[in-house]
Amino acid sequence: MSVQRWEPGRPCSSRREQRGVIVLIALVAMLALGYAGAALMRTVDATTAITGNIGLSQAAMLATDAAIENAIAALFERRLIADPVNDDETQSYYASRQPQEDVRGIPYGLQQLTGYADDARIIDAGNGNVVRYLIERMCMGSGPAIRETCALTPAVDAAAPGTVTNPEPPPVPLYRQTIRVDGPAGTIVFAQAWLADAPGRRRLSWRVLAD
(Lines give C-alpha, C1' and ligand atoms only; values in the text may rest on other atoms or scores of the structure.)
Protein backbone atom coordinates (compact mmCIF):
# COMPACT_ATOMS: atom_id res chain seq x y z
CA MET A 1 0.00 0.00 0.00
CA SER A 2 1.54 3.29 -1.11
CA VAL A 3 1.16 6.50 0.89
CA GLN A 4 1.42 9.93 -0.68
CA ARG A 5 3.43 12.36 1.35
CA TRP A 6 3.17 16.11 1.19
CA GLU A 7 6.43 17.68 0.34
CA PRO A 8 7.30 21.21 1.56
CA GLY A 9 7.18 23.80 -1.26
CA ARG A 10 4.77 21.72 -3.34
CA PRO A 11 1.46 23.61 -3.86
CA CYS A 12 -1.72 21.93 -2.78
CA SER A 13 -3.86 22.16 -5.91
CA SER A 14 -7.13 21.22 -4.18
CA ARG A 15 -6.88 24.06 -1.68
CA ARG A 16 -5.96 26.55 -4.39
CA GLU A 17 -8.96 25.45 -6.44
CA GLN A 18 -11.23 25.83 -3.41
CA ARG A 19 -9.96 29.33 -2.76
CA GLY A 20 -10.48 30.22 -6.42
CA VAL A 21 -14.07 29.00 -6.35
CA ILE A 22 -14.76 30.98 -3.18
CA VAL A 23 -13.32 34.14 -4.69
CA LEU A 24 -15.42 33.63 -7.84
CA ILE A 25 -18.58 33.14 -5.81
CA ALA A 26 -17.81 36.26 -3.77
CA LEU A 27 -17.30 38.30 -6.94
CA VAL A 28 -20.58 37.07 -8.41
CA ALA A 29 -22.38 37.87 -5.16
CA MET A 30 -20.87 41.36 -5.04
CA LEU A 31 -21.85 41.94 -8.66
CA ALA A 32 -25.42 40.83 -7.96
CA LEU A 33 -25.62 43.08 -4.91
CA GLY A 34 -24.29 45.98 -6.97
CA TYR A 35 -26.98 45.50 -9.61
CA ALA A 36 -29.65 45.16 -6.93
CA GLY A 37 -28.48 48.37 -5.26
CA ALA A 38 -28.47 50.27 -8.53
CA ALA A 39 -31.97 49.01 -9.36
CA LEU A 40 -33.19 50.05 -5.91
CA MET A 41 -31.74 53.53 -6.36
CA ARG A 42 -33.42 53.89 -9.75
CA THR A 43 -36.73 52.77 -8.24
CA VAL A 44 -36.45 55.28 -5.40
CA ASP A 45 -35.54 58.07 -7.84
CA ALA A 46 -38.45 57.19 -10.12
CA THR A 47 -40.88 57.05 -7.18
CA THR A 48 -39.66 60.41 -5.90
CA ALA A 49 -40.00 61.95 -9.37
CA ILE A 50 -43.52 60.55 -9.82
CA THR A 51 -44.60 61.77 -6.40
CA GLY A 52 -43.15 65.20 -7.13
CA ASN A 53 -44.89 65.39 -10.51
CA ILE A 54 -48.23 64.44 -8.94
CA GLY A 55 -47.79 67.16 -6.33
CA LEU A 56 -46.95 69.78 -8.97
CA SER A 57 -49.93 68.73 -11.11
CA GLN A 58 -52.31 68.97 -8.14
CA ALA A 59 -51.02 72.45 -7.29
CA ALA A 60 -51.50 73.46 -10.93
CA MET A 61 -55.08 72.14 -10.93
CA LEU A 62 -55.88 74.20 -7.85
CA ALA A 63 -54.68 77.27 -9.74
CA THR A 64 -57.48 76.81 -12.29
CA ASP A 65 -60.01 77.99 -9.68
CA ALA A 66 -58.57 81.49 -9.87
CA ALA A 67 -59.11 81.54 -13.64
CA ILE A 68 -62.72 80.37 -13.34
CA GLU A 69 -63.53 82.97 -10.70
CA ASN A 70 -61.96 85.66 -12.91
CA ALA A 71 -64.09 84.59 -15.85
CA ILE A 72 -67.32 84.50 -13.82
CA ALA A 73 -66.61 87.98 -12.47
CA ALA A 74 -65.76 89.38 -15.91
CA LEU A 75 -68.81 87.84 -17.60
CA PHE A 76 -71.61 88.01 -15.05
CA GLU A 77 -70.71 89.97 -11.92
CA ARG A 78 -68.47 92.94 -12.69
CA ARG A 79 -69.40 92.93 -16.38
CA LEU A 80 -65.83 93.67 -17.44
CA ILE A 81 -66.75 92.20 -20.83
CA ALA A 82 -69.06 95.06 -21.69
CA ASP A 83 -70.04 93.85 -25.18
CA PRO A 84 -70.31 90.02 -25.22
CA VAL A 85 -71.34 89.96 -28.88
CA ASN A 86 -67.80 91.01 -29.90
CA ASP A 87 -64.28 89.86 -29.05
CA ASP A 88 -62.37 91.43 -26.17
CA GLU A 89 -58.78 90.13 -26.12
CA THR A 90 -57.89 92.15 -23.01
CA GLN A 91 -60.30 89.89 -21.12
CA SER A 92 -59.27 86.79 -23.10
CA TYR A 93 -62.82 86.71 -24.49
CA TYR A 94 -64.05 85.64 -27.92
CA ALA A 95 -67.65 85.95 -29.05
CA SER A 96 -67.43 82.79 -31.16
CA ARG A 97 -65.75 79.41 -31.03
CA GLN A 98 -62.16 79.69 -32.18
CA PRO A 99 -60.76 77.61 -35.08
CA GLN A 100 -57.83 75.16 -35.08
CA GLU A 101 -58.54 73.54 -31.73
CA ASP A 102 -56.84 70.19 -31.14
CA VAL A 103 -58.47 66.81 -30.46
CA ARG A 104 -58.90 67.71 -26.77
CA GLY A 105 -60.73 70.92 -27.61
CA ILE A 106 -57.84 73.23 -26.70
CA PRO A 107 -57.99 76.42 -28.78
CA TYR A 108 -54.99 77.30 -30.90
CA GLY A 109 -54.19 80.32 -28.74
CA LEU A 110 -53.36 78.06 -25.78
CA GLN A 111 -51.62 75.19 -27.52
CA GLN A 112 -48.38 77.20 -27.65
CA LEU A 113 -47.49 80.26 -25.62
CA THR A 114 -46.54 82.08 -28.83
CA GLY A 115 -50.19 81.88 -29.93
CA TYR A 116 -51.51 83.66 -26.84
CA ALA A 117 -52.51 87.28 -27.41
CA ASP A 118 -50.01 89.80 -26.05
CA ASP A 119 -52.63 91.80 -24.12
CA ALA A 120 -54.68 88.80 -22.91
CA ARG A 121 -55.13 88.00 -19.23
CA ILE A 122 -52.28 86.34 -17.29
CA ILE A 123 -52.66 85.36 -13.63
CA ASP A 124 -49.81 84.72 -11.21
CA ALA A 125 -51.31 81.96 -9.03
CA GLY A 126 -48.24 81.68 -6.78
CA ASN A 127 -45.81 78.81 -6.21
CA GLY A 128 -44.49 79.26 -9.73
CA ASN A 129 -47.88 78.68 -11.42
CA VAL A 130 -48.86 81.03 -14.25
CA VAL A 131 -52.43 80.84 -15.58
CA ARG A 132 -53.68 81.75 -19.04
CA TYR A 133 -57.19 81.19 -20.36
CA LEU A 134 -59.61 81.77 -23.22
CA ILE A 135 -63.35 82.31 -22.87
CA GLU A 136 -65.37 81.35 -25.94
CA ARG A 137 -69.05 82.00 -26.44
CA MET A 138 -70.32 78.84 -28.08
CA CYS A 139 -71.54 80.59 -31.21
CA MET A 140 -70.68 80.33 -34.86
CA GLY A 141 -69.92 84.05 -35.10
CA SER A 142 -70.28 87.41 -33.42
CA GLY A 143 -73.65 89.08 -32.98
CA PRO A 144 -76.74 88.28 -30.86
CA ALA A 145 -76.98 84.82 -29.27
CA ILE A 146 -79.79 82.98 -31.06
CA ARG A 147 -80.63 79.29 -31.35
CA GLU A 148 -79.63 79.12 -35.00
CA THR A 149 -76.02 80.11 -34.34
CA CYS A 150 -75.34 79.53 -30.62
CA ALA A 151 -75.49 76.79 -28.00
CA LEU A 152 -78.00 77.93 -25.38
CA THR A 153 -79.00 76.62 -21.96
CA PRO A 154 -82.08 77.33 -19.81
CA ALA A 155 -81.65 80.30 -17.51
CA VAL A 156 -83.58 78.54 -14.74
CA ASP A 157 -83.85 74.99 -13.44
CA ALA A 158 -85.86 72.88 -15.90
CA ALA A 159 -87.71 71.34 -12.94
CA ALA A 160 -89.33 74.72 -12.25
CA PRO A 161 -90.95 75.81 -15.55
CA GLY A 162 -92.50 79.21 -15.99
CA THR A 163 -96.18 80.05 -15.81
CA VAL A 164 -98.47 82.36 -17.74
CA THR A 165 -98.09 85.10 -15.15
CA ASN A 166 -94.40 84.40 -14.62
CA PRO A 167 -93.03 83.07 -17.92
CA GLU A 168 -89.77 81.22 -18.16
CA PRO A 169 -86.91 83.57 -19.08
CA PRO A 170 -85.23 83.03 -22.44
CA PRO A 171 -82.24 80.66 -22.58
CA VAL A 172 -78.77 82.08 -22.17
CA PRO A 173 -75.60 81.37 -24.19
CA LEU A 174 -73.04 78.82 -23.09
CA TYR A 175 -69.44 79.86 -22.55
CA ARG A 176 -66.46 77.53 -22.64
CA GLN A 177 -63.38 78.54 -20.70
CA THR A 178 -60.16 76.70 -21.51
CA ILE A 179 -57.38 77.13 -18.96
CA ARG A 180 -53.67 76.52 -19.24
CA VAL A 181 -51.44 76.43 -16.15
CA ASP A 182 -47.65 76.46 -16.55
CA GLY A 183 -45.95 75.39 -13.34
CA PRO A 184 -42.51 74.52 -11.99
CA ALA A 185 -40.35 71.81 -13.60
CA GLY A 186 -42.17 72.13 -16.92
CA THR A 187 -45.58 71.18 -15.50
CA ILE A 188 -48.46 72.01 -17.86
CA VAL A 189 -52.11 71.38 -16.98
CA PHE A 190 -55.13 72.08 -19.17
CA ALA A 191 -58.69 72.30 -17.88
CA GLN A 192 -62.08 73.40 -19.20
CA ALA A 193 -65.11 74.89 -17.50
CA TRP A 194 -68.61 75.48 -18.90
CA LEU A 195 -70.22 78.71 -17.72
CA ALA A 196 -73.61 80.37 -18.13
CA ASP A 197 -75.44 83.37 -16.68
CA ALA A 198 -77.87 81.17 -14.78
CA PRO A 199 -78.52 82.24 -11.17
CA GLY A 200 -77.11 79.76 -8.67
CA ARG A 201 -75.27 77.67 -11.27
CA ARG A 202 -72.91 79.83 -13.26
CA ARG A 203 -70.20 77.17 -13.16
CA LEU A 204 -71.98 74.31 -14.91
CA SER A 205 -69.09 71.81 -15.08
CA TRP A 206 -65.33 71.53 -14.86
CA ARG A 207 -62.80 68.93 -15.99
CA VAL A 208 -59.07 68.40 -16.46
CA LEU A 209 -58.04 67.61 -20.03
CA ALA A 210 -55.94 64.46 -20.24
CA ASP A 211 -52.80 64.35 -22.37
Side-chain angles (χ1 to χ4, degrees), residues 61 63-123 125 130-182 188-211:
M61 284 188 286
T64 62
D65 277 339
I68 296 173
E69 293 304 319
N70 270 264
I72 290 174
L75 280 168
F76 314 129
E77 296 172 354
R78 299 174 61 190
R79 305 290 177 178
L80 299 178
I81 301 170
D83 185 13
V85 301
N86 292 304
D87 297 346
D88 185 351
E89 287 191 349
T90 62
Q91 294 295 326
S92 302
Y93 174 79
Y94 296 88
S96 60
R97 189 169 181 172
Q98 297 300 287
Q100 300 182 35
E101 65 182 40
D102 65 12
V103 294
R104 294 176 293 174
I106 298 173
Y108 176 78
L110 288 176
Q111 294 170 21
Q112 301 291 335
L113 294 181
T114 54
Y116 198 64
D118 293 336
D119 54 352
R121 296 296 307 276
I122 298 178
I123 302 173
V130 178
V131 183
R132 296 172 176 84
Y133 64 84
L134 263 64
I135 306 169
E136 300 167 278
R137 190 179 63 158
M138 291 289 96
C139 296
M140 296 173 61
S142 59
I146 57 176
R147 291 186 183 277
E148 289 75 16
T149 58
C150 298
L152 306 177
T153 186
V156 296
D157 191 342
T163 63
V164 174
T165 58
N166 186 22
E168 181 180 350
V172 293
L174 275 172
Y175 299 90
R176 184 180 71 174
Q177 182 186 19
T178 308
I179 305 161
R180 171 177 175 149
V181 183
D182 292 271
I188 302 176
V189 170
F190 290 98
Q192 275 185 343
W194 289 89
L195 312 173
D197 194 8
R201 58 186 190 97
R202 285 171 168 167
R203 184 191 303 202
L204 304 182
S205 64
W206 175 92
R207 68 187 179 113
V208 175
L209 301 179
D211 292 331

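Given the structure is predicted, the values throughout are model-derived calculations rather than measurements.
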Between atom [atom1] of [X] and atom [atom2] of [Y], what is the distance when rounded to the nearest 0.5 Å?
X      : Y      : atom1 : atom2 : answer
Leu75  : Gln177 : CG    : CD    : 8.0 Å
Tyr93  : Glu136 : OH    : CD    : 10.5 Å
Leu134 : Glu101 : CG    : CD    : 11.0 Å
Asp102 : Tyr108 : CG    : OH    : 12.0 Å
Leu195 : Ile68  : CG    : CD1   : 7.0 Å
Arg78  : Asn70  : CZ    : CG    : 8.5 Å

[X] versus [Y]: any side-chain heavy-atom pair under 4.5 Å?
X      : Y      : value
Arg180 : Val131 : no
Gln91  : Arg121 : yes
Thr178 : Arg104 : no
Pro171 : Arg147 : yes
Thr153 : Arg201 : yes
Val130 : Ile122 : yes

Intermediate values then yes/no, side chain to side chain contact (heavy atoms under 4.5 Å, CB included), Tyr94 and Glu89: CA-CA 7 Å; Tyr94 296 88; Glu89 287 191 349; 3.6 Å; yes
Stepwise side chain to side chain contact (heavy atoms under 4.5 Å, CB included) test for Ile135 and Arg176: CA-CA 6 Å; Ile135 306 169; Arg176 184 180 71 174; over 6 Å; no
Intermediate values then yes/no, side chain to side chain contact (heavy atoms under 4.5 Å, CB included), Arg203 and Glu69: CA-CA 9 Å; Arg203 184 191 303 202; Glu69 293 304 319; 2.8 Å; yes
For residues [X] and [Y], report the shortest heavy-atom separation together with the two atoms involved.
X      : Y      : answer
Ala120 : Ser92  : CB-OG, 3.4 Å
Ile179 : Leu110 : N-CD1, 4.3 Å
Pro84  : Ile81  : CD-O, 4.0 Å
Ala196 : Tyr175 : CA-CD1, 4.5 Å
Ala95  : Arg137 : O-NE, 2.8 Å

Thr64 versus Tyr133, side-chain donor and acceptor atoms under 3.5 Å: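 There is no such pair (donor and acceptor under 3.5 Å, judged by atom type) between the side chains of Tyr133 and Thr64.
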Say whether, by atom type as modelled, one donor and one acceptor occur between the side chain of [X] and the main chain of [Y] under 3.5 angstrom.
X      : Y      : answer
Gln192 : Gly105 : yes
Gln98  : Ser96  : yes
Gln111 : Ile106 : yes

